[in-house]
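Data first, discussion second: the structure below is written as structure tokens.
Computed from a predicted structure; not experimentally measured. Position 1 is the first residue of the sequence, and the numbers go up from there.
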Amino acid sequence: MANVQSSNLGYPRIGANREWKKALESFWSGKLEEHELLSKLDDIRLDRLRIQQEKGIDLIPIHDFTMYDHMLDMSVMFGLVPQRFKYDGDPVPLSVYFAMARGSQGAAACEMTKWFNTNYHYIVPELQDAKPHLTVNKPLEAYREAKSSLGIEGKPVLVGPYTFLKLSKGYTPDQFESLLDQFTDLYAVILKELEHEGVQWVQFDEPILVTSLAKDELALVSSVYKKLHAAAPAIRIMLQTYFDSVSHYVEIISLPVQGIGLDFVHGLDGNTEQLLKHGFPEDKVLGVGLIDGRNIWRSDLDAKLELLDTLSQKVKPSQYVIQPSCSLLHVPVSTAYEDKLDPVLRQALSFANEKLDELTLLTSALNNGIESVSEQLKEHNQAVAAMNQSSLRNNEQVQKETSKVVGLNPTRALSFEERRKAQQKKWNLPLLPTTTIGSFPQSTEVRQARKNWRSGEWSAEQYETFLAEQTRAWIEIQEDIGLDILVHGEFERTDMVEFFGEKLDGFSFTANGWVQSYGSRCVKPPVIYGDVEFVNPMTVKETVYAQSLTSKPVKGMLTGPITILNWSFVRDDISRELVAYQIALALRLEVNALEQAGIEMIQVDEPALREGLPLKREDWQAYLDWSVKAFRLSTSSVKDTTQIHTHMCYCEFHDIIDSIRALDADVISIETSRSHGELIGSFEEHTYDHGIGLGVYDIHSPRVPEVDEMTQMIKRALSVLDPELFWINPDCGLKTRGRDETVAALRNMVAAASQYREVLSVNQS
């Protein structure tokens, strides 16, 4: 039999009960001293390693733990601290580390954006005023800890040099090669010290290699790994890719490394085709990414074994390392807490710990023969089949309605320009109208009230009375601030996707299915297990009540079909496109219900539309076509005077401007402040002719920006955008902020809008 090893690429940081999140937030609120925080994090980190050890994983990742974000850790390790944080030498203090992540009253936080096409956010390294140097060898510290505490020969994990620099900012294209050399030298120092310590394997994550790189870039990648191998020849480097098939397969398998990790889930077709066509080097290990690290369904292990058998035409099984498709950071920790789920559904789920079991089961099958684990395989695959055959996944009416829209091209009756005239006549809005993105602070009081209701301590009537009081209070606050378009505040919503999933058929919810989104922010994605169907109106009651309290317009607030899709764990037995159409048809009925109830400004948010883009540009258009279609299925049935809004986060606008325009939303709001206005530069090259609001302050930071900061943002935006189409709003929803900072920031925002209206008035006169 083959001597096959199992490997993990990364493990969730948050703990089974979010212990990590709770420790961080206790520290930030002053309830924990720094030494107490570090002690708690030590315990969590070692517990993660112990679990993987007990599961029988051969190559256990270390240095995949973090106090906030792994890219931020790399920045700090290399001394990449922007001058505004007043960093004055090694080591980088924890206060500076968290200021870079969250901002401080004296310095704006570093930019945050999505990690490839996932819902995880990383802190973008800034290079413009930093001098790269090695402040501390954190992988070495992690290796020593794992070995001394648990006897684990850990596999250090680092973001590879090419990916790290590609995802950084603050340099010009002509500086890239020089900077790459500088960073490669620093990585080489790390490797030399690891080699001296006796480290056997080091995992370099290079997911950038699955994107549409130019072929000549591979020469630079090759030069990097030649230097690293020469620096520490005794260390075995696993060049790890994930999220798609690699570009330029032949060049990548020729790199001077000892192992290549490929994704055979999300890159299945491309990687398999290339491997069978071109073979695989006999002197390298193949990290076979078989278990889906981004979704929560049990794998069909018979199919995985068949794939391994196919690959064995070109790769000796003794070269295999069996591993997930990517880090398990993107899935919850354990299904152990999910005893309230439908038994068929629960048995079909696989979280991080269960995925480790799948890895060891496959490894055992290869090493000891399939017959040695036949009973476990049979039980496992029966659970997969039971879910696929269940009535939970076979709603004939929904499937029939979905099939009808596959060939449709839904559109509004009038063009945007014609609608705009009708809407302006109806609403009579001022120049530069002000609004928010939707949510207001989910205070401790709000969360406790929800907990009281869910536990049965409060009746439904008590809870509804509380929500009405919150709504009334915030309508009054908004009117006092002077906002032009109001919202009801979304106090009844735990999460912008979960709320709708709870009210639609085809969704289920876990008790403890938490995953990290950014920093300590954890979300519990809904599980789309079956066909999605509208049941009853979901938002009408709260929105109509809010509208009854004011003469100003109140927006109806919905989450769009693509965001619901991308922020859920989605069934894997039909295409994501068909699931998106099912969600869109359900939301269309909600949009119609709001309009019939007199709500004629309706925001259908799509913050996750761009993050769902395939990683190869050549695959973008197909995704964008069906995503735009799903949005228009949701929104195109309304009257001409009904104003459709949408919102997007972290959107590199120029990349998909045609598709954003094709959404045909009357008003779109886009994050811009955290990227320090860089998005505005897109409009210097690309025209946008619909209503648009660029966020004028960062809601992810607790700092309250001054009026002048916002007016400068408005000024720059209006140098390239039509004032008649421009709206003023924050970057995103205000759910995570405190009441006082929210009110103060919105007052400054309204003051900035008022000042700029005067500027425009003077200029026009």
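Under the 30°/60° scheme for interplanar angles, the aromatic rings of F164 and F78 are found to stand perpendicular.
Judged purely by atom type and a 3.5 angstrom limit, T118 uses its side chain to pair as donor or acceptor with the backbone of W115. Side-chain atoms of Y68 do not come within 3.5 Å of backbone N or O of D73 as any donor-acceptor pair. Under the 3.5 Å distance criterion, the side-chain polar atoms of E126 are left unmatched by any main-chain donor or acceptor of K169. Judged by distance alone, the side chain of W201 and the main-chain N or O of I237 form no donor-acceptor pair under 3.5 Å. Not one N or O on the side chain of E217 forms a donor-acceptor pair closer than 3.5 Å with the backbone of L220. Remark: side-chain polar atoms of S254 are paired, donor with acceptor, to backbone N or O of V250 under 3.5 angstrom. No donor-acceptor distance shorter than 3.5 angstrom exists from the side chain of H121 to the backbone of K114, with no hydrogens or angles considered. Checked by atom type and distance alone, the side chain of N748 pairs as donor or acceptor with a backbone atom of P705 at under 3.5 Å. Without hydrogens or angle criteria, S247 side chain to L213 main chain gives no donor-acceptor distance under 3.5 Å. Between the side chain of Q175 and the backbone N or O of T172, at least one donor-acceptor pair lies under 3.5 Å.
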Determine, stepwise, if the pair F176 / Y162 fulfils ring pair (Phe, Tyr, Trp, His ring centres under 6.0 Å).
CA-CA 10 Å; F176 184 85; Y162 210 78; 5.3 Å; yes

Apply the test salt bridge (charged side-chain N to carboxylate O under 4.0 Å, His left out) to residues K192 and E195: give CA-CA distance (whole Å), side-chain angles for both, the deciding distance (0.1 Å), then the verdict.
CA-CA 5 Å; K192 287 177 182 177; E195 181 186 48; over 6 Å; no

Please step through ring pair (Phe, Tyr, Trp, His ring centres under 6.0 Å) for the pair Y688 and H690, ending with a clear verdict.
CA-CA 6 Å; Y688 190 75; H690 285 45; 5.8 Å; yes

The test is side chain to side chain donor-acceptor pair (under 3.5 Å); show your working for E273 and N271 and say whether it passes.
CA-CA 6 Å; E273 178 185 355; N271 281 332; over 6 Å; no

Residues V257, F204; criterion side chain to side chain contact (heavy atoms under 4.5 Å, CB included); working and verdict:
CA-CA 10 Å; V257 296; F204 282 97; over 6 Å; no

Please evaluate residues L9 and V157 with respect to the criterion side chain to side chain contact (heavy atoms under 4.5 Å, CB included), reporting the C-alpha separation (whole Å), side-chain torsions for both, the decisive distance (0.1 Å), and the verdict.
CA-CA 8 Å; L9 306 186; V157 177; over 6 Å; no

Residues K227, D185; criterion salt bridge (charged side-chain N to carboxylate O under 4.0 Å, His left out); working and verdict:
CA-CA 8 Å; K227 291 178 184 177; D185 289 343; 5.4 Å; no

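Taking each heavy atom of M710 and A752 in turn, the nearest pair found is CB-CB, 3.8 Å. Between D731 and D698 the shortest heavy-atom distance is OD2-CA, 3.6 Å. Among all heavy-atom pairs drawn from L255 and S222, the shortest one is CD2-CA, 3.5 Å. Considering all non-hydrogen atoms of both residues, I252 and L239 come closest at CG2-CD2, 4.2 Å. Here the closest non-hydrogen pair linking L72 and D69 is N-OD2, 2.8 Å. Between F85 and A99 the shortest heavy-atom distance is CE2-O, 3.3 Å.
Counting only N and O atoms by type, the side chains of N117 and R294 include a donor and acceptor under 3.5 Å apart. Q203 and D205 form a side-chain donor-acceptor contact under 3.5 Å, judged by distance and modelled atom types alone. Between the side chains of E606 and T646, no donor-acceptor pair is found at a separation under 3.5 Å. For the residue pair H133 and D90, a side-chain donor N or O sits within less than 3.5 Å of a side-chain acceptor on the partner. T163 and E206 are linked by a side-chain donor-acceptor pair at a separation below 3.5 angstrom, with hydrogens and angles left out of the test. Neither side chain, W626 nor Q621, offers a donor N or O lying under 3.5 Å from an acceptor on the other.
Salt-bridge formation is not detected for the pair D64/R13: no Lys NZ or Arg NE/NH1/NH2 atom is positioned less than 4.0 Å from an Asp or Glu carboxylate oxygen.
Legend: residues meeting side-chain hydrogen bond (donor to acceptor under 3.5 Å, both in side chains) with Q105, ordered by chain and number and at least two apart, are absent. Residues passing the salt bridge (charged side-chain N to carboxylate O under 4.0 Å, His left out) test with E177, sequence neighbours excluded: none. Every residue meeting the side-chain contact (heavy atoms from CB on, under 4.5 Å) condition with T736, not counting sequence neighbours, appears here in chain and number order: Y518. Residues satisfying the ring pair (Phe, Tyr, Trp, His ring centres under 6.0 Å) criterion with Y120, sequence neighbours excluded, are H70. Evaluation of the salt bridge (charged side-chain N to carboxylate O under 4.0 Å, His left out) rule for R45 yields D42, E145 as partners, not counting sequence neighbours.
Surrounding NZ of K284 are more than 12 heavy atoms belonging to other residues, nucleotides or ligands, all under 6.0 Å away. Shown here is E706, whose CD atom has no more than 12 heavy atoms of other residues, nucleotides or ligands within 6.0 Å.
Counting only residues at least two apart or in different chains, salt bridge (Lys or Arg N to Asp or Glu O under 4.0 Å) contacts with residues 236-265 comprise K215-E251, D244-K616.
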